[in-house]
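Written below as structure tokens is the structure these notes are about.
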Amino acid sequence: MSTRKPFNSFDMAQEQFDHVAGLLGLDRATIDLLRWPLREYSFAIPVRLDDGTTRVFRGFRVQHNDARGPSKGGIRFHPAETMDTVRALAMWMTWKCAVVDIPLGGAKGGVICDPHDLSQREQERLCRGYVRQIAKNVGPVTDVPAPDVMTSAQHMLWMLDEFETVHGGKAPGFITGKPVGMGGSLGRKEATGYGVVFAIRGALKELELRPQDTRASVQGFGNVAQHAIELYQQIGGTVVAVSCWDQQDQTAYTFRKLPGVDLAELRAITDRFGGIDREKARDCGYDVLPGDQWLEQEVEILLPAALEHQITADNIERVRPTVRIIAEGANGPTGPIADQVLKERGVFMIPDLLANAGGVTCSYFEQVQNNMNYYWEKDEVLGKLDRKMTAAFLAVSELARKENLYMRDAAYVIAVSRVAEACRERGWI
Ligand code: GLU
């Protein structure tokens, strides 16, 4: 019997914070304030199903910190959601908004459910029920939700509509990631994945590597992964493997094609949750390998863009010595022991709070456009996103070089000091 404690994302988030608190020499009160969320909500959501019966779902919303501005973060639909996962993700949002220097705090929400098993109408009722339970505690100037794992622009619009019904009047800035034309921003769909590649581009430059001389292996084929692959291929990179769920048996497989995968071809055989049809993939000439084999491909770049805790003590030895860069498209994909190994190996880590900050940065642009009620062209949005991501990347890599810090530590030092300073300036501590 294993005596190892089961993995807990919030333990990991607190450990990461404690490490940086030590580096920064933070005082007790600041540590006590930032180690835990400011506020958290756990609630029941009764939903009438299409067959007339009622099912009660559990929902969470955690507001970790709002010293720098309204708290911000997505809502996930996932069968394995827990309060602790949401706490960790909320804390990571606080650091993420701070590292890219946008005037927002951190929050996260979740519902224990599997949307694969729910019809569109049931999902609509679930979204509306979620908002009814939390409507008094969120809003454009307090806490602003967004899409995340298995939630989309359509879910955001249902949530907005319910919020506006409860409060009366239009409030498009209540939620981001809305459909374009309904208060959404052009470029929001692409933003997280493109942001990952803006950061990869910075890392390649530092390592004096040309994109066309690099290969990547990707975990996940949802919104983040698909857009990261799109831009990485556009700048000349080759993606040799993608790992994701099969539509039928809900098991992960690695789909490999040499010299590289064809994005349009894969998209054509993928459902809206990023699940691939493995029989069709075989017909298109892909090797269908076990799900975790994305990790042991001979590539220069690993791009985990699925869920937390994927590169761990159990599989880290399978990462090839060819790997120079890890870009964390997902939140928390690397466990602490694996992270230590990568640090010692000198792998260029682009940590989650920096790598995937493009999504929330574009959400911020969406809110700005909502407030003005004037909408920018796509080029303008993506240009602003590129500048913000590049500036954040350079600030982190410069500190890492100057202080001889691991990139994750450098990103945390910048983010945590900004949040601690905001708390101090407000007189909270
Ligand atoms: N869910 C995304 C994240 O983890 C985006 C959050 C947002 O846009 O508020 O960063």
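FYI, the numbering just counts along the sequence from 1. The model shown is predicted, which means the values in this text are computed figures rather than measured ones.
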Query raised in the report: Within the side chain of Asp246, is there an N or O that forms a donor-acceptor pair under 3.5 Å with the backbone of Thr251?
Result: no
Requested in this report: Step through it carefully: locate the ring centre of His19, locate the ring centre of Tyr412, and say whether they are under 6.0 Å apart.
Outcome: no
Requested in this report: Working to the nearest 0.5 Å, report the span between CD of Gln133 and CD of Glu162.
Outcome: 11.0 Å
Requested in this report: Please list all pairs passing the ring pair (Phe, Tyr, Trp, His ring centres under 6.0 Å) test where one or both residues lie in residues 284-311, with sequence neighbours left out.
Outcome: Phe7-His309
Query raised in the report: Side chains of Asp352 and Asn331: is there a donor and an acceptor less than 3.5 Å apart?
Result: no
Query raised in the report: Under 6.0 Å from the six-membered ring centre of Phe10 and within 45° of its axis: does the NZ or CZ of Arg87 meet both?
Result: yes
Report task. May I ask you to decide if the ring planes of Phe393 and Phe348 are parallel, tilted or perpendicular, using 30° and 60° as cut-offs? Result -> parallel
Report task. Verify, without hydrogens or angle tests, whether Gln250 (side chain) and Gln247 (backbone) share a donor-acceptor contact under 3.5 angstrom. Result -> yes
Query raised in the report: If we only count heavy atoms from C-beta on, is the Trp158 to Arg125 side-chain gap below 4.5 Å?
Result: no
**Report entry** Residue pairs involving residues 351-376 (criterion ring pair (Phe, Tyr, Trp, His ring centres under 6.0 Å); sequence neighbours excluded)
**Finding:** Phe365-Trp376
Query raised in the report: Going through the checks in order, is the side-chain contact (heavy atoms from CB on, under 4.5 Å) test met by His155 and Phe77?
Result: CA-CA 10 Å; His155 296 104; Phe77 283 176; 3.9 Å; yes
Query raised in the report: Does a side-chain heavy-atom distance below 4.5 Å link His78 with Val111?
Result: no
Report task. To the nearest 0.5 angstrom, please state how far the CE atom of Met407 sits from the CD1 atom of Ile350. Result -> 6.5 Å
Query raised in the report: Do Leu23 and Asp409 come close enough that some side-chain heavy atom pair is under 4.5 Å?
Result: yes
Query - Nearest heavy-atom neighbours spanning Glu81 and Gly110 - result: OE2-CA, 3.8 Å
Query - Minimum heavy-atom distance between Pro172 and Asn370, given as atom pair plus value - result: O-OD1, 3.4 Å
Report task. Could you give me the CA-CA distance, side-chain angles and deciding distance for Tyr130 and Phe57, then say whether ring-ring contact (aromatic ring centres under 6.0 Å, His included) is met? Result -> CA-CA 9 Å; Tyr130 183 95; Phe57 295 87; over 10 Å; no
Requested in this report: Without swapping roles, check the side chain of Lys178 against the backbone of Ile175 for a donor-acceptor pair under 3.5 Å.
Outcome: yes
Query raised in the report: Would you find more than 12 non-hydrogen atoms of other residues, nucleotides or ligands less than 6.0 Å from Lys280 atom NZ?
Result: no
Query raised in the report: Would you say the side-chain atoms of Arg320 and Gln297 include a donor-acceptor pair closer than 3.5 Å?
Result: no
**Report entry** Least distance between heavy atoms, Pro304 atom then Ile326 atom
**Finding:** CD-CG2, 4.0 Å
Report task. Applying ring-ring contact (aromatic ring centres under 6.0 Å, His included), run through Trp245 and His116 and close with a yes or a no. Result -> CA-CA 12 Å; Trp245 299 103; His116 290 93; 8.3 Å; no
